[in-house]
There are 2 protein chains.
Amino acid sequence: MKPVTLKEIAEQLNISVTTVSKALKDYPDVSKKTKGLVKELAKTLNYKPNTFAVNLRTKESKTIGLIIPVIVHHFFSNVIKGIISQAEKKGYLVIILQSNESYELEKKQIDLLLSQRVDGILISLANGTADFSHLNQIIDQEKPLVMFDKIAKIVKCSKVIIDDRKAAYLATQHLIDIGCKRIAHFRGALLPQNSIDRFLGYKKALLDNNLPYDPSLVYICECGDMSFEEGKKNAKQLLIEHNDVDGIFINTDLVAIGAMTEFNNQGVKIPEDISIVGFSNWFMSSVISPTLTTIDQPGFKMGKTAFKQLYKEIKAIKNEKPKPPKVITLDTALIERESTRK
Amino acid sequence: MKPVTLKEIAEQLNISVTTVSKALKDYPDVSKKTKGLVKELAKTLNYKPNTFAVNLRTKESKTIGLIIPVIVHHFFSNVIKGIISQAEKKGYLVIILQSNESYELEKKQIDLLLSQRVDGILISLANGTADFSHLNQIIDQEKPLVMFDKIAKIVKCSKVIIDDRKAAYLATQHLIDIGCKRIAHFRGALLPQNSIDRFLGYKKALLDNNLPYDPSLVYICECGDMSFEEGKKNAKQLLIEHNDVDGIFINTDLVAIGAMTEFNNQGVKIPEDISIVGFSNWFMSSVISPTLTTIDQPGFKMGKTAFKQLYKEIKAIKNEKPKPPKVITLDTALIERESTRK
DNA sequence: GATTTAACCGAAAACGTTTTCGATTCTTCA
DNA sequence: TGAAGAATCGAAAACGTTTTCGGTTAAATC
């Protein structure tokens, strides 16, 4: 059961491989008649071009790489869905790798993708990534690179993000608007830009409203696989250390849900005793009790947009007209639910 | 910035391409000295073998294809995670496609993967798949194929599943054990084997316990993107048509959660008025209120196992010792939670 | 010193495709 | 009728690697 090649079609029709190739690709210098014959035979023999050979010849694989910190994650799996849906439209395949929030793995995986010679790379950084030489390596090879969500400002490539700072400001302002006076923040890991920005948005909202910023009210969580547990842990800690807190802005919904679970267990009423705003709008947030106020983060759209940008850059480089990096900011919105409904 | 090739290394060292290639792959007929020189230069030049050429020569791509009905789905994203974690260990990359529960798309995607010449294919069938010629096409080409979760019994390939019938029996028996007398079932779509098996398990449990089987108590949902809504809709319908039902076994957690939401809205108490058992053990089920009794379905393990099996078959075919198909059944367990705690 | 053996290296073919460029045939028109 | 032009085709090189097999040199053996 050897796969059919151009050669076999050529031999059966007593013409050259060249002509067969050209006929199948509708070159103008092949007669209608031969084109017909070739295409017919190709169909009956179920000819499929050998991608390996095509890739070698054309130097492109119509494949892109995607590195993502975690897969089992409402936001990220929506991003994946957005990416592959868009990629499919353009005839691209997507190789997915999970960095597990590890810088070392991320580095290895980029090496892997580069040696695999994908046409471009999409990445959302691991929490642990502080050094960016592995990313610059991609750019040095003139391979398109687009970062999304968890980005590094310093790297010179296109980015698709939301305005985390503004969104966090909005979330915090909402807590203030409903009357919270002492607002805590469960922030993400220290390095990622988005958790920094969300923290800054929180802080700025406090100060703009003449509320004191108290660093001891800021709790850190890594937001890895253990997000839920971290939320519980931080909530427990908060109740011990600061029983006067009446609102919390939490870096991500899963952590918020962990915290809510702990509060429920301890009989702390939401939103009466403590109001909570999460981040990301996980589906779960709309079905738990009380439902969780949160910031909508458009994962599917972000994936789509990121691929579109990558695609443009792939085309641009192919035509030897590389484009300057572009930063695309998507809209977000506050979703008000029961956890802040006093 | 052309990528480095064997030829360039060869020229710089004044040796042949052959020797360079062999040196890098530690052939015994290359002297230690030249091996040293070659490897060193390869490293300083940052040589990466051109995968396109290697693939063409070796006829394998170290890449597998994965077709899955939906990505944004707790169970399936766990499967994906399992697959790529295991694939990475063996040096394989995974191309992921989403069939969107569409037979047509599934067919196209298989064509795509075959023409991409992946080394093997993993698939969980779409709800709409009733014809299997596209799957047999894979087998005819002697490409390893492993199905998981949503399988077709008739196709002669390896499968990784759980014992859906037994698990459903267990779930239903549990409802009976806690005293339910009139138990409804929200089943999945008509075609997929697993929803058939779960239905059969439900039915058998009823009959074994001398409870009448009433077809009007079986509601269908497609379990696609709208699972949650379908759960709500079916719950609403059930309340209208059968207000004597005191237990429901529901095909999947997301549908169950939709139903619970509807019951909550209508003031129907769970588990007092109606006890509910779901299926799959989505994370969500442990944080909603009341927490949902369900069947644990080991997605991560299923992914790992499916890849392992595929890998074995890839190796076997390579050594021209193809193995007969194997059906692997993974364990499940009933997770008792509040939705059945009377 | 001659012969065998081992150690080391390289030429060349092959994988299947794409594309350039030259060759051939067929039209067309003066 | 002859030449120019159009239409059609194919030879060959190229992409970068792997592997077979034969060749050369050096070491070992008698």
[X] [atom1] to [N] [atom2], straight-line distance once rounded to whole Å:
X     : N      : atom1 : atom2 : answer
B/D26 : C/dC9  : CG    : P     : 13 Å
A/F52 : C/dT18 : CZ    : C1'   : 18 Å
A/K62 : C/dT17 : NZ    : P     : 17 Å
B/Y47 : D/dG16 : OH    : C1'   : 7 Å
B/K32 : C/dC9  : NZ    : P     : 12 Å
A/L56 : D/dA13 : CG    : C1'   : 13 Å
A/N55 : C/dT18 : CG    : C1'   : 13 Å
A/L13 : D/dT8  : CG    : C1'   : 16 Å

> Which nucleotides of nucleotides 19-28 of chain D have their base under 4.0 Å from a protein heavy atom (B), which only their sugar-phosphate (S), and which neither (-), written as one string 5' to 3'?
Replying inline: BBB-------
>> Taking only side-chain N and O atoms of B/T34, does any of them lie within less than 4.0 angstrom of OP1 or OP2 on C/dC8?
In response: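 B/T34 to C/dC8 OP1/OP2: no side-chain N or O under 4.0 Å.
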> Hey, does B/Y311 have a side-chain heavy atom less than 4.5 Å from the side chain of B/Y92?
Replying inline: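 The answer is yes, as the side chains (C-beta and beyond) meet within the 4.5 Å cut-off.
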Using a cut-off of under 3.5 Å, enumerate the N/O to N/O pairs linking the protein to nucleotides 24-27 of chain C.
none

> Looking only at heavy atoms, what is the nearest atom pair of B/P69 and B/S99, with distance?
Replying inline: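 Reported closest heavy-atom pair: CA-OG, 3.3 Å.
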> When you match B/N14 and B/K59 each to their closest nucleotide on DNA chain C, which lands nearer the 5' end?
Replying inline: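 Between the two, 5'-proximity favours B/N14.
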> At what distance, to the nearest 0.5 angstrom, does CD1 of B/I64 lie from CD1 of B/I121?
Replying inline: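 Result: 9.5 Å between the selected atoms.
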> Is there a donor-acceptor contact under 3.5 Å from the side chain of B/E106 to the main chain of B/A126?
Replying inline: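 Yes, because the side chain of B/E106 sits within donor-acceptor range (under 3.5 Å) of the backbone of B/A126.
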> Per the side chain to side chain donor-acceptor pair (under 3.5 Å) rule, which among A/K323, A/E313, A/K326 passes with A/S158?
Replying inline: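 Single pass found, and it is A/E313.
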> Using the ring of each side chain (for Trp, its six-membered ring), is B/H73 parallel, tilted or perpendicular to B/F75, with breaks at 30° and 60°?
Replying inline: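 B/H73 and B/F75: perpendicular rings.
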>> I'd like to know whether A/E88 forms a side-chain hydrogen bond (donor to acceptor under 3.5 Å, both in side chains) with B/Q109, so could you lay out the CA-CA distance, the side-chain angles of the two residues, the decisive distance to 0.1 Å, and finally the verdict.
In response: CA-CA 9 Å; A/E88 194 164 30; B/Q109 291 172 340; 2.9 Å; yes
> Of all the choices, C/dG16, D/dG10, D/dT17, which nucleotide is nearest to the side chain of B/A53 once you look at every atom?
Replying inline: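 For the B/A53 side chain, the nearest candidate turns out to be D/dT17.
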>> Hydrogens and angles aside, do B/S102 and B/N100 bring a side-chain donor and acceptor to less than 3.5 Å of each other?
In response: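 No.
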> Can you name the side chain to side chain donor-acceptor pair (under 3.5 Å) partners of B/N50, sequence neighbours left out?
Replying inline: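 Partners of B/N50 by the side chain to side chain donor-acceptor pair (under 3.5 Å) criterion come out as none, since no residue qualifies.
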